[in-house]
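Inspection log for the structure reproduced underneath, given as structure tokens.
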Number of protein chains: 2
Amino acid sequence: MDPAVREKIYAFLDARRLRRTAQRDAIIEAAFSTTEHFTAEALLAQSRRNEPSVSRATVYRTLPLLVASGLLREMDFGQDFKYYDPNFIDKPHHNHLICLDCNKIVEFEDEHMEVLENCISHRLGFSPAVKSVRIEASCDELKILGICRKRKPRDAD
Amino acid sequence: MDPAVREKIYAFLDARRLRRTAQRDAIIEAAFSTTEHFTAEALLAQSRRNEPSVSRATVYRTLPLLVASGLLREMDFGQDFKYYDPNFIDKPHHNHLICLDCNKIVEFEDEHMEVLENCISHRLGFSPAVKSVRIEASCDELKILGICRKRKPRDAD
DNA sequence: TTAAATGCAAATTATTTGCAGAAGC
DNA sequence: GCTTCTGCAAATAATTTGCATTTAA
């Protein structure tokens with residue numbers, strides 16, 4: 001976990017007069033030691049490796065805090081549970097392409113997209129806050145080669 | 001309800017050997033007689049005005065059929081229930097801007113966005129299927145005038 | 001000390017499903 | 001008549017919450 005991230009998150013906790021607990025530390029550590037998207041359940045499992053006393057309730061109570069801090073983004077991919085994305089710290093404007101074949105999520109950034117979104121928002125009379133592009137797509141390689149190399153090595157499916 | 005839409009939906013039912021029932025008719029009529037986004041619960045209420053015997057279960061069983069037909073799009077706006085959007089028939093590539101002030105959903109189309117999404121997908125090695133851009137934004141007018149004229153007249157909030 | 005945080009278990013809520021009866025073709 | 005649909009009510013599953021207890025400051 002990047003020390004700068006740790007510093008930011010604790011500054012946020014301080015500003016809100018939120019206490020530092022073993023459970024919160026464990027959850028924060030688990031959330032920001034990966035670049036993968038994760039679910040609440042996966043975060044619980046990972047947090048418990050750091051601190052076995054972490055309960056599901058505390059994970060669910062901590063997640064909104066991390067989202068409010070701006071360091072974690074809640075993502076809805078149309079499933080019946082939410083994903084959390086810790087990569088907005090490094091790439092504040094990234095978007096998601098979801099592979100219909102292997103279910104993998106490919107992140108991408110594009111400055112033209114960014115400019116275009118701002119343009120459209122202002123044309124409509126709004127100031128954009130949170131922007132997200134989601135593309136569901138099928139893998140070209142899979143069609144040709146029969147395998148999908150976009151599949152990432154460590155897979156939580 | 002546009003006769004062409006009615007024709008399409010019944011052609012879809014025929015092709016799948018799905019039966020025509022009073023309840024399905026009522027639900028279809030309710031779904032495609034509006035240009036508003038709606039929830040399953042709202043669709044149930046509206047369907048019952050056409051046919052009081054419609055049950056919640058039938059609405060939930062019919063919605064996936066309408067989505068599969070391509071005439072209705074399931075939308076996830078990050079809330080704990082789904083919205084359904086009947087406007088993809090007329091505007092197959094439209095996107096959504098959600099006003100953070102009045103919660104209204106503004107639909108927009110932009111051909112540059114469309115081109116850019118296709119470009120990015122192919123650059124990443126994918127063929128795009130379902131694309132959605134979602135912009136959460138605050139209303140410029142509200143900030144200046146104190147009111148948000150983007151609020152639509154008929155409001156289900 | 002004292003307010004905040006926690007774990008547990010029960011509650012909540014949109015959606016799904018099993019089943020017996022009703023209805024389309 | 002046979003199969004699909006339906007309503008009902010119970011099941012499901014992610015998330016939230018009440019409460020008694022623990023803990024940070």
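Chain letters run A, B, ... following the sequence lines, proteins first and then strands; every chain starts at 1.
Following rounding to the nearest Å, Arg56(B) (CZ) and dT13(C) (P) show an atom-to-atom distance of 13 Å. For the pair Arg61(B) CZ and dT6(D) C1', the interatomic distance rounds to 7 Å; values are reported in whole Å. Nucleotide dA5(C) holds its P atom 12 Å from the CD1 atom of Ile27(A), rounded to whole Å. Here the P atom of nucleotide dA14(C) and the CG atom of Leu63(B) are 15 Å apart, to the nearest Å. Atom pair Glu51(B):CD and dG24(C):P shows a separation of 11 Å (rounding to whole Å applied). Going from atom CG of Asp25(B) over to atom P of dT4(D) covers 19 Å, rounded to whole Å.
Considering only heavy atoms from C-beta on, Glu114(B) comes within 4.5 Å of Lys131(B) through its side chain. No side-chain heavy atom of Phe88(B) sits under 4.5 Å from any side-chain heavy atom of Leu71(B). With contacts defined as side-chain heavy-atom distances shorter than 4.5 Å, the pair Met1(B)/Ile28(B) qualifies.
Judged by a 6.0 Å distance limit and a 45° cone about the ring axis, Arg134(B) is not positioned over the six-membered ring of Phe77(B). For the pair Arg73(B) and Tyr84(B), the NZ or CZ position fails the cation-pi test of under 6.0 Å to the six-membered ring centre and within 45 degrees of the ring normal.
For Asn95(B) against Val133(B), the heavy-atom pair with the smallest separation is OD1-N, 3.0 Å. When all heavy atoms of Asp110(A) and His112(A) are compared, the pair lying nearest together is OD1-N, 2.9 Å.
Heavy-atom distances under 4.0 Å link DNA chain C to Leu18(A), Arg19(A), Thr21(A), Gln23(A), Arg24(A) of residues 8-24 of chain A, given in residue order. Applying a 4.0 Å cut-off to non-hydrogen atoms, the residues of residues 66-81 of chain A that approach DNA chain D are Asp80(A), Phe81(A), listed by residue number.
Checking dA14(D), dT6(D), dA9(C) against the side-chain heavy atoms of Ala57(A) singles out dA9(C) as nearest.
A side-chain donor-acceptor contact under 3.5 Å links His94(A) to the backbone of Lys91(A).
One finds the CG atom of Leu44(A) at 9.5 Å from the OG1 atom of Thr58(A) (value rounded to the nearest 0.5 Å).
Within the 4.0 Å cut-off from OP1 or OP2 of dT16(C), not a single side-chain nitrogen or oxygen of Tyr60(B) is found.
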